[in-house]
Amino acid sequence: MVKHTGGKVGKAGETLVSKKSSKPAKSKAGKTLKQHQDKKH
């Protein structure tokens, strides 16, 4: 999979892999990535 580095999708990916992210933040990031994946891939 291509690694996204910029913008909203890149930030969401970083949030998911970060150990410091809160659970709600990870949930929101997961939704963002899923929506992107559905639209673009």
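Count residues from 1 along the sequence. Side chains included, hydrogens not; waters and symmetry mates left out as well; all remaining heavy atoms used.
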Is the backbone N or O of Val17 less than 3.5 Å from a side-chain atom of Ser21, with the two atoms forming a donor-acceptor pair by type?
no
Distance in Å, Lys19 NZ paired with Lys26 NZ, rounded so as to fall on 0.5 Å steps:
7.0 Å
Separation between CG of Leu16 and NZ of Lys11, rounded to the nearest 0.5 Å:
11.0 Å
Do Ser27 side-chain atoms and Lys23 backbone N/O form a donor-acceptor pair below 3.5 Å?
no
Nearest heavy-atom approach of Ala12 to Ala29 is O-CB, 3.4 Å
Check: Thr32 and His36 side chains under 4.5 Å, non-hydrogen atoms:
no
Output the distance between atom NZ (Lys34) and atom NZ (Lys31), rounded to the nearest 0.5 Å.
12.5 Å
